[in-house]
Asker: 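This is the structure I want to talk about, given as structure tokens.
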Amino acid sequence: MSKYREIKKLDFPAFESEVLAFWKTNRIFEKSIENRAGSPSFVFYEGPPSANGLPGIHHVMSRTVKDIFCRYNTLKGYQVNRKAGWDTHGLPVELQVEKTLGITKEDIGTKISVAEYNEACRKDVMKFTDIWNNLTEQMGYWVNLNDPYITYENNYIESLWSILKKLYDKGYLYKGYTIQPYSPAAGTGLSSHELNQPGTYKDVKDQTAVAMFQLKEAGSLAIDTDLVYALAWTTTPWTLPSNTALAVGEKINYVVVKTYHPFTFQLCAVILAKDLLSKYFKQEQAELAFEAYNAGDKLIPFEVLKEVKGADLKGLVYEQLLPFAQVDNGKAFEIITGDFVTTEDGTGIVHIAPSFGADDFKVAKQHGIGSLTLVDKRGKFLPEVNDGTFLYGEEFVKEAYLTEAEKEAELFIQKEKLSGIIKDTSKLTYLSVDERIILKLQTEGKLFKKEKYDHTYPHCWRTDKPILYYPLESWFIKTTAVKDRLVALNQQINWKPAHTGTGRFGNWLENLVDWNLSRSRYWGTPLPIWRTENQDETKCIGSLEQLNAEITVSIEKGYMPKGFELKDFHKPYVDEIILVSSTGEKMFREADLIDVWFDSGAMPYAQWHWPFENEETFKNNFPADFIAEGVDQTRGWFFTLHALSVLLFDGIAYKNVIANGLVLDKNGNKMSKRLGNVVDPFTTISKYGADATRWYMLSNSDPWDNLKFDIEGVAESQRKFFGTLYNTYSFFAIYANIDGFEFNPDKLTSVASRTELDRWIYSKLQSLVKKVTTHMDAYDPTPACRAIEEFVSDHLSNWHVRLSRRRFWKGEMNQDKQAAYETLYECLLVTSQLMSAFAPFFSDWLYKNLNGSAQSVHLTDFPKVNESAIDLVLEEQMEYAQIISSLVLSIRKKENIKVRQPLKQILIPLVDASIQQKIDHVKDLILAEVNVKQLNFVDAIDKSIKPNFKVLGKKVGAKMKAVAAAILLLNQQEIIQLETEGGLSLSVENENINIELADVEIVSKEITGYKVASQGKISVALDIELDEALKQEGIAREIISKLQGLRKEQQFEVMDRIQIKIEDHDYIKSAINQFKMYICTELLANDIVFESAESLNHTIEVDENTVRISIHKA
RNA sequence: AGUCUCGUAGCUCAGGUGGUUAGAGCGCUACACUGAUAAUGUAGAGGUCCGCAGUUCAAGUCUGCGCGGGACUACCA
């Protein structure tokens, strides 16, 4: 039986499943962890995917990145536990369930109970786990699927509660207001996720207004009129009754403009940004005389009175625009400054309604400005927004919330109320709140301008109605309290790529806001906070034990039924719990659930049910050495992990992180079901294999760059890299089996006694080990991958093996042959280890074929660099051999002389001594490779010189151009003088400049009478003259070549000996006689005899001569 | 709108600290090789290094301003 397995056909998916079966039966993954018991651990956290969606090709990407570093570090001697996890809560799950059940949120509590609904979520979320597990297995991702953490489990939730309690005790948990997207039609707040559903932002045409806010005291502006207005633009006039401030940009220039009021025609002054002046006032108006103006004229004259900075306007107060209600929670009707103010559009003065805009809210808070919230949660004005004419109280602020019938009814009322304002109400159509407010402003002399405006506005993706920004009460984590620590500790994290850490993540931390935990939903982790109805007393529960103790008290008090036991920590069960306050009052749970990102950010603790169990395990597995996810997780998982560990321990949660890019389609478009450009990972893997897919992804570009996924690229990886490596192995196997070679590590030929070629590839191999180690330690997988690729294809296969072929097939086993086998064997074996993290299947297949044992490459130790075997001089020598061979071949090509024709000599013009010596070392290799008899060095006739800019530039600086020109003008004599004397004085621009040898590059280009080719410093001349002996040898080799082809055509075995009969043809006769021995050896022929042509059944073409011939097995 | 990022051959990508003929692989064309052959070699075609301005003796590389693609965040008067 053959020692080394030979297979006929390459079928990647087939051998991958073979390896997979081997892993399973022999528990290789488990062993790879068990084997490292007691070793230092390399801690990895699995970012949990959600199992309610199907895996895509991008999951193969991120999991490949995770897998390679875990595998690599295992081989490096670490114990690498990998606990899988599932993210199970959240909106996508709810949506999926609603879709399946055909219900909407409104049906919860009526058509379906909360308990049933959540039960449906629990089942649905793990729907695709089998498919996920299949992918995990097939792609070769090693992660422990047997004991995953699942975020909906009671133990997991209990850990979350405990962490929340710790934060609560530290004073980091509070309840407060923020402005959030809110859908009155659906009666619910919306998350950013929901707002980013396709189609939520729609183009709408809104009625906008520039309102005039009359200043109370314009004295500080020192102008001669008291009637001064600040102009502010709004696209949402319905927020004007809730206006409490105006914002200006501190550094923006404003102008005070004297003009007439456009509707009351009074002389007045208005303030707006200088940059926007031309938007409201045309040049022709400036030329009008104030005295000539008559009330009602179309063109109104104006004059810029003075220019001020925003900072000068700060603190000015104005009359309330629409006084329906008064502010009781702060200052009001004051000009403040805000950095978000621009002069892009509007007037450069921003109307601030703190209740209806996030920026407004923030800036108001900073300046102690109070708020008015004159709209309720239904989206209707409060009753007091009623003036009997324009506004009637308790009406929807957005037209879109009304049905057509309701509008009809409203119109009827409007016609009546507005009859005093609008002359002809018969043609009146329904006027929106916005339109009526503008009408009111106009009537009251507070309107400067109105116009329609096209912009995009977010809509509720479920009801299709426009959303409002509305103040909602939520629970927050005070992340801003530890902002400085978050920023400082981020410095300790090694981000790949670095800019994601400093840029995207760093900036995010710099602009941190408190973490809004609240979600008004059903399927998620309930907030463990109970409060009395008057909100005076709050309890945060941190464990089941504590909760049970509290429940006992409550049962005693009679607030809860006897025997109550909490079996499921979700809604609605937790809401049945009523606790007792210190004063004996009932306490109810705060209705919110918490943000699912808290679930995943707390996985370092909750995956172990810490702090209730596994104290040791937790300690040994915190923080993580390495995590990796898509860059879209920067402000998601990467942040929540970081935030929680800083809040809890003032430390980092992970030391190294790779934020990998997106996987796009081959045209660079995002993959989406809608475009139909989604790549199915299973199809790809089953067609090309997991290894080729993984290899393609990593070798193509750095993981943090976006990958344009092209299936052709996978095919290329398979062909190019795996194909070549397979070929190399199978070449080895064929001959090793013939020769009965067996690798014996105890009886190795010493490296020193091997041939230069062997020592060279061995040195290359050691350099490769070094490179791969360096790159992998730096979390740079792509250069590591490319280095392996280069080694296998360029160095091992295309140079070492190609040049060594004869050593394998010639003659009996001897020292040199032994060394050749050993060298190739070691290269293949080490390669299998180096590539094992990237291509876990093929590497194991290769390793086991070489080893003939049941051991897996994944249980071995990563190769250590043998520094002493790295011979850089040798590597350089071989580079010369490759360059010179390539040059000779290119001359042959140009001259149309085939490689089979031996040539007399290669001439190399004298270069410096060290290079000459290096070339001399590899002379024989070159001669054999290019089929030339001799290599000699000659003195060149023509030399050319050019400046070495890098060296010379430093020396002569600005005179560079002139000096360079002078050098190029040097003649042969001067060049030789420079060479022999080592220096030359040049006169440039009346100055003597001394040129040394190092300042220039001298190249020999021409050798009279020979064909020359050159690359860089090396030139090669080829003597292409043929004498009779060379011609005859050429013919002999031609015959050999043709007969080899015939052997193969006849399907003779490699080892078969043959008998040759050949036509007595003039063209070949003398060559055969002269080279009979040589020909016979090459062809494994016992003899060659001449016969008459008729008896021979084949023909071969030898240099355009047809020769009859026949061969048979001897 | 802001932040980050990318832009080099038809495609995928290399191009330390600035240095003068800008590279590789794939693809294409032609030729060769043929005891690894679904491999290999050689040659050829193919570039406004996104644009403009600046710094410099010298810019693919450094700076500024733009343009285009992508991601994230925000959504604004």
Asker: Heavy atoms only, 4.0 Å cut-off, all strands: where does Glu716(A) land among base, sugar-phosphate and nothing?
Answerer: sugar-phosphate
Asker: Strictly under 3.5 Å: I want the nitrogen or oxygen pairs between protein and nucleotides 16-18 of chain B, one per line.
Answerer:
from   : atom 1 : to        : atom 2 : distance (Å)
U17(B) : O4     : Lys950(A) : NZ     : 3.2

Asker: Checking all strands, does Lys961(A) fall into the base, sugar-phosphate, or nothing category for heavy-atom contacts under 4.0 angstrom?
Answerer: sugar-phosphate
Asker: Do the side-chain N or O atoms of Lys708(A) get closer than 4.0 angstrom to the phosphate oxygens (OP1, OP2) of U12(B)?
Answerer: yes
Asker: Would you classify Tyr735(A) as touching base, sugar-phosphate or nothing, given that sugar-phosphate means primed atoms plus P, OP1 and OP2, and contacts are heavy atoms under 4.0 Å?
Answerer: sugar-phosphate
Asker: Applying ring pair (Phe, Tyr, Trp, His ring centres under 6.0 Å), name anything that partners Tyr182(A), two or more places apart in sequence or on another chain.
Answerer: Tyr470(A)
Asker: Does any nucleotide pair with U40(B) by Watson-Crick or G-U wobble geometry, both distances under 3.5 Å, and what is it?
Answerer: A32(B)
Asker: Going by purine N1 to pyrimidine N3 plus the second Watson-Crick contact, or the G-U wobble pair, all under 3.5 Å, which nucleotide sits opposite G2(B)?
Answerer: C72(B)
Asker: Identify all pairs in which a protein N or O lies below 3.5 Å from an N or O of nucleotides 1-6 of chain B, and state each distance.
Answerer:
from  : atom 1 : to        : atom 2 : distance (Å)
U3(B) : O3'    : Asn507(A) : ND2    : 3.3
U3(B) : O2'    : Asn507(A) : ND2    : 2.6
C4(B) : O2'    : His499(A) : ND1    : 3.4

Asker: Counting any heavy atom closer than 4.0 Å, what does Gly357(A) reach on the DNA or RNA strands: base, sugar-phosphate only, or nothing?
Answerer: nothing
Asker: For Phe638(A), which residues count as a ring pair (Phe, Tyr, Trp, His ring centres under 6.0 Å) partner, sequence neighbours excluded?
Answerer: Trp495(A)
Asker: Under the ring pair (Phe, Tyr, Trp, His ring centres under 6.0 Å) test, which residues partner His795(A), sequence neighbours left out?
Answerer: Trp760(A)
Asker: Would you measure the distance from the C1' atom in U56(B) across to the matching atom in G64(B) and give it in whole Å?
Answerer: 16 Å
Asker: Which part of the nucleic acid, if any, lies within reach of Val801(A) when heavy atoms closer than 4.0 Å are counted: base, sugar-phosphate only, or nothing?
Answerer: base
Asker: Considering every strand shown, what is the Watson-Crick or G-U wobble mate of A24(B) when both distances are under 3.5 Å?
Answerer: U12(B)
Asker: Just checking Arg892(A): base, sugar-phosphate only, or nothing, at a heavy-atom cut-off of under 4.0 Å?
Answerer: nothing
Asker: Could you check whether Leu952(A) gets within reach of a base, just the sugar-phosphate, or nothing at all, counting any heavy atom under 4.0 Å?
Answerer: nothing
Asker: Considering only distance and modelled atom types, tabulate donor-acceptor pairs under 3.5 Å from the side chains of residues 715-722 of chain A, sequence neighbours left out.
Answerer:
from      : atom 1 : to        : atom 2 : distance (Å)
Ser717(A) : OG     : Gly713(A) : O      : 3.4
Gln718(A) : NE2    : Tyr688(A) : O      : 3.1

Asker: Ignoring hydrogens and angles, answer whether the base of A39(B) and the side-chain atoms of Ser797(A) contain a donor-acceptor pair closer than 3.5 Å.
Answerer: no
Asker: Compare side-chain N and O positions of Asn700(A) against OP1 and OP2 of C13(B) and report whether any pair is under 4.0 Å apart.
Answerer: yes
Asker: Suppose you measure atom P in A39(B) against the same atom in A22(B); what distance do you get, rounded to whole Å?
Answerer: 32 Å
